[in-house]
Amino acid sequence: MKIGVPKEIKTNENRVALVPAGAEALVAAGHSVSVERGAGEGSGFSDQLYERAGARIAPNADAVWADADMIMKVKEPIESEWKRMRRGQTIFTYFHFAADEELTRAHLKSGAVCIAYETVELPSRELPLL
């Protein structure tokens with residue numbers, strides 16, 4: 001699977017959805033990981049750390065979104081990112097769909113498979129990602 005990590009562009013969001021150790025684990029499991037240039041800087045992770053972990057550094061968000069089977073983000077895609085989503089692509093992030101009908105409709109229209117961190121449950125019904 002091709003996994004993409006774009007830089008977060010939502011105002012005041014500087015975190016990154018995948019740390020270099022996570023990229024290393026995914027690459028070791030046979031996946032390819034593409035991280036947008038500078039995506040980890042707000043969290044203290046340089047592009048070089050991702051490269052050492054086996055990830056490829058993509059020049060921009062368009063390249064990440066176009067190549068990835070799965071997109072990993074911290075926050076929901078904002079309106080300027082909606083056009084990049086496509087049918088069959090998996091998007092894994094916090095969505096908070098109940099709070100934003102326009103966001104929900106945009107994702108339904110895209111045909112992407114949207115997995116909201118806030119809905120991931122263990123068999124015990126605990127929410128480990130919240």
Side-chain angles (χ1 to χ4, degrees):
M1 175 176 280
K2 295 179 182 179
I3 300 166
V5 182
K7 185 173 184 175
E8 295 294 331
I9 58 173
K10 187 169 185 173
T11 304
N12 296 321
E13 183 53 71
N14 299 308
R15 295 174 292 175
V16 65
L18 185 68
V19 300
E24 184 174 35
L26 289 168
V27 169
H31 303 288
S32 65
V33 176
S34 178
V35 178
E36 182 180 354
R37 180 173 285 120
E41 290 176 357
S43 293
F45 302 113
S46 68
D47 292 343
Q48 293 75 25
L49 288 173
Y50 285 102
E51 288 177 315
R52 280 188 231 140
R56 180 179 69 83
I57 301 302
N60 55 47
D62 286 332
V64 171
W65 283 87
D67 189 49
D69 302 312
M70 181 172 80
I71 294 291
M72 294 180 69
K73 290 181 52 60
V74 175
K75 298 300 287 181
E76 72 281 355
I78 62 172
E79 189 171 354
S80 63
E81 295 174 298
W82 296 349
K83 66 184 179 287
R84 294 180 175 131
M85 299 182 303
R86 65 180 189 280
R87 180 162 304 285
Q89 188 174 51
T90 299
I91 302 175
F92 192 43
T93 189
Y94 286 108
F95 277 108
H96 309 292
F97 284 129
D100 191 335
E101 183 178 349
E102 189 177 14
L103 170 73
T104 304
R105 291 188 185 284
H107 285 76
L108 287 169
K109 181 180 176 185
S110 77
V113 175
C114 301
I115 302 172
Y117 294 150
E118 66 271 17
T119 64
V120 173
E121 268 186 38
L122 297 174
S124 64
R125 306 209 29 99
E126 292 175 89
L127 301 169
L129 302 180
L130 277 183

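For the numbers below, each heavy atom of this structure counts, side chains included, while hydrogens, waters and symmetry mates do not. All values reported here derive from a predicted model rather than from experimental measurement.
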Student: Which ILVMFWY residues are connected to Ile78, directly or by a chain of links, through side-chain heavy atoms under 4.5 Å apart?
Tutor: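 Members other than Ile78 - counting any ILVMFWY side chain reachable under 4.5 Å - are Ile9.
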Student: Is there any side chain to side chain donor-acceptor pair (under 3.5 Å) pair reaching into residues 24-41, and which pairs are they, with sequence neighbours excluded?
Tutor: Ser34-Arg56
Student: Which residues satisfy the side-chain hydrogen bond (donor to acceptor under 3.5 Å, both in side chains) test with Ser46, sequence neighbours excluded?
Tutor: Gln48
Student: Can you run down the side chain to side chain donor-acceptor pair (under 3.5 Å) pairs that involve residues 103-114, sequence neighbours left out, and say none if there aren't any?
Tutor: Glu101-Arg105
Student: For the residue pair Val35 and Val33, what are the closest heavy atoms and their distance?
Tutor: CG2-CG1, 3.9 Å
Student: Please list all pairs meeting side chain to side chain donor-acceptor pair (under 3.5 Å) that have one or both residues in residues 114-127, counting only residues at least two apart or in different chains.
Tutor: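 Every pair satisfying side chain to side chain donor-acceptor pair (under 3.5 Å) with a residue in residues 114-127: Glu121-Arg125, Ser124-Glu126.
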Student: Same cluster or not: Leu127 versus Tyr94, using hydrophobic residues (I, L, V, M, F, W, Y) connected whenever any side-chain heavy atoms lie under 4.5 Å apart?
Tutor: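 Hydrophobic grouping puts Leu127 with Tyr94.
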Student: In Å and rounded to the nearest 0.5 Å, what is the CZ to CZ distance from Phe45 to Arg15?
Tutor: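 Here the interatomic distance stands at 12.5 Å.
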Student: For Ile57 and Glu51, run side chain to side chain contact (heavy atoms under 4.5 Å, CB included): C-alpha distance rounded to whole Å, both residues' side-chain angles, the deciding distance at 0.1 Å, then the answer.
Tutor: CA-CA 7 Å; Ile57 301 302; Glu51 288 177 315; 3.5 Å; yes
Student: Going hydrophobic residue to hydrophobic residue with side-chain gaps under 4.5 angstrom, can you get from Met1 over to Leu18?
Tutor: yes
Student: Looking at every non-hydrogen atom in both residues, tell me the closest pair between Thr93 and Pro77 and how far apart they are.
Tutor: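 Distance-wise, the nearest heavy atoms are CG2-CD, 4.1 Å.
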Student: Begin with the C-alpha distance, continue with both residues' side-chain angles, and end with the deciding distance and a verdict on side chain to side chain contact (heavy atoms under 4.5 Å, CB included) for Val16 and Tyr50.
Tutor: CA-CA 12 Å; Val16 65; Tyr50 285 102; 3.4 Å; yes
Student: In the single-linkage hydrophobic clustering (I, L, V, M, F, W, Y; side-chain heavy atoms under 4.5 Å), do Val113 and Phe92 co-cluster?
Tutor: yes
Student: Looking only at heavy atoms, which two atoms of Ala23 and Ala55 are closest? And how far apart?
Tutor: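 Reported closest heavy-atom pair: CB-CB, 4.4 Å.
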Student: Looking at every heavy atom in both Phe95 and Ile115, which two are closest together, and how far apart are they?
Tutor: CE1-O, 3.6 Å
Student: Could you pull out all donor-acceptor pairs under 3.5 Å where a side-chain atom in residues 62-74 meets a protein atom, sequence neighbours excluded?
Tutor:
unit_1, atom_1, unit_2, atom_2, d
Asp62, OD1, Arg84, NE, 2.7
Asp62, OD1, Arg84, NH2, 3.2
Asp67, OD1, Lys2, NZ, 3.4
Asp69, OD2, Lys2, N, 2.8
Lys73, NZ, Glu8, OE1, 3.0
Lys73, NZ, Glu81, OE2, 3.3

